[in-house]
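Here's the structure we're looking at; comments come further down.
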Amino acid sequence: MLQLKGIPASGGIAVGPAYLWAKEEFVIPKQVIADGEIAVQIQLFEEALIKTRREILDLQKKIADNMGQNEAEIFDAHLLILEDRTIIEEVISRLKKEKLIAAYIFQDVLKKYVQVFLKIEDEYLKERVSDINDVGRRMLRNLLGKSAKHFEDLQEKIILVSYDLSPSDTASMHKKDILAFVTNIGGKTSHTAIMAKSMEIPAVVGLELATFKIKTGDILIVDGASGLVFVNPDSQTLEEYRKEETALRNITKRFILLKDQPALTLDGKRVAIAANIELPDEIPSIIDHGAEGIGLYRTEFFYMNRADIPSEEEHYKSYKFVAEAIKPHSVIIRTLDLGGDKFLSHLEVPREMSPFLGWRAIRFCLARPDMFKTQLRAILRASAHGKLKLMYPMISGIEELRQANGLLRECKNELRSSGMPFDESIKLGAMIEVPSAAMIADILAKEVDFFSIGTNDLIQYSIAVDRSNEKVAYLYEPAHPGVLRLIKSIIDVGHRADIWVGMCGEMAGDPLFTLILLGLGLDEFSMPSIMIPEIKHIIRSVTMPQAQGIANGAFSFSTAKEIGDFVHQKMKELRIIQ
Ligand code: PEP
Ligand code: MG
């Protein structure tokens, strides 16, 4: 039996067979062919062209039937690439001259083609790079006789083991097939980990040697709460974990009884408990867990796992659905927060040295006003059907907020003049997740209706620790005294300006920090829905003076560890935990 320790990313226990998942990467050897084989390779190449063309036409038809003609037209660009005489002739003439396999030459020709496109100062052409890469992958798959890999194709219930998983990979997992996952890299608040929690799949990330130490078929125990993974466990360990699993299920059953109770302290102070969602499919589950609304709808997932950018109508339908489904509660829709670890395959954003500090979120949206306004208009239109609030991510200064509000005003005027209804008093918020925004919260508070503290990024930026890097995960401390001071100041400044302050970072759903945040006066806690019953239980076990005493006490310590130990001890004294 082998025991590995990684970073706990999503709680729960899973036992099952491992399945090693490798990203689709084509390593094609520079294989020389004999003269007699040239014709065979040319024929292979031509057959692959025909097969790929047929696949794209089928896909195009499917999309036209399900989503509409406009959406299907995006594949015209893919077909044009396949029919491009320059590419086809270059592959054939080089094949004859260099006598190398077709797959190698095709990949090389395409690589050079991409390099030319990337040099052209034209956004539209640059975006075509993702089309070329997409067609290229299809062609190579057909040339090499491989079939596409999809999580949906996995037949058995397995534990996925991978070097890395992107948030869009995770979003396409089906809970019925995947019992848990473990990855070599990643941090606790990387979006892959966040998605795992939303889907209630146990996960351990940052398990550096996972793909080297684990083979497909090995039996694994994944303990998502402690970050432990056992490879081919002995019968005693299996037995212990089976018992643990049952105990966990009983605790969950006990907490879930509280799901419909309000988050009311013993002395009558009520706070709001909302859920974070990535996809509208999560709504039944968040209602089941007792969410009183949605405190963060991460809309960027709507742009993932598709070949085009969603139209205003699609945005509108999706937001309207969410608004109606969660009534009478409210939904905070966050505008597109692309970047960092959230990349979209069809929006080829240039690779950057420091993606978390780069061209992302509101910065990207302000540079693409048409795309941004499509989303803003859709949110406004959907606001006629429920209680919607709108929130911008990654605000770092007042100019960004004003610029975004300028576009929002334009959208409102456009809708008014075309007679489209929307909520004229829709509430507007800024995420406070960049330290500079926290420092100027008083300035920002004058131009928004609420704040939502995004601790996932606020911690990353204030401690200067990449949230998705397992090597520095030990520094990623929500209770770092510097972080706690920033949080206290944001809440105090917000309240002085008479606006409410919520939190939608993972810290809001971490039981260890509930009492501090409650004591500091946080108005809304928004979290992965699975955490809601336990957080309600904690809030319902104390009075406000007790929580305030704990929050004040926390400020007397100098390290996150001391603060964590102190809160743990207090929770024991209050019999919240054993
Ligand atoms: C955050 O940064 O805390 C947050 C909630 O947003 P995201 O995790 O999507 O960056
Ligand atoms: Mg963030």
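Order of appearance sets the numbers: ligands from 1, and atoms from 1 within every ligand. Worth saying up front: this structure is predicted, and the values here are computed from it rather than measured.
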Go through the side-chain N and O atoms of [X] and [Y] and say whether any donor and acceptor fall under 3.5 Å apart.
X: S318; Y: Y297; value: yes
X: Y476; Y: T189; value: yes
X: Q375; Y: Y319; value: yes
X: S489; Y: D492; value: no

* Structure fact -> Sorted by chain and residue number, the residues having a heavy atom closer than 4.0 Å to an atom of ligand 1 are H191, I194, L296, R298, R334, D337, K342, M431, E433, G454, T455, N456, D457, R467, C504, G505

* H315-Y303 aromatic ring centre distance below 6.0 Å -> yes

* Just checking, R381 and Y316: is the charged tip under 6.0 Å from the six-membered ring centre and within 45° of the axis? -> yes

Output side-chain donor-acceptor pairs under 3.5 Å for residues 557-566, partner residues at least two apart or in another chain, one line each.
unit_1: T559; atom_1: OG1; unit_2: E562; atom_2: N; d: 3.1
unit_1: K561; atom_1: NZ; unit_2: D565; atom_2: OD1; d: 3.4
unit_1: K561; atom_1: NZ; unit_2: D565; atom_2: OD2; d: 2.6
unit_1: E562; atom_1: OE1; unit_2: S558; atom_2: N; d: 3.0
unit_1: E562; atom_1: OE1; unit_2: T559; atom_2: N; d: 3.4

* **Pairing residues for K197 by the salt bridge (charged side-chain N to carboxylate O under 4.0 Å, His left out) criterion, not counting sequence neighbours** => E506

* To do: Taking all heavy atoms of P202 and all of G12, pick out the closest pair and write down the distance.
  => CB-O, 3.5 Å

* Within a radius below 2.8 Å of the Mg ion (ligand 2), how many protein N, O or S atoms are present? -> 2

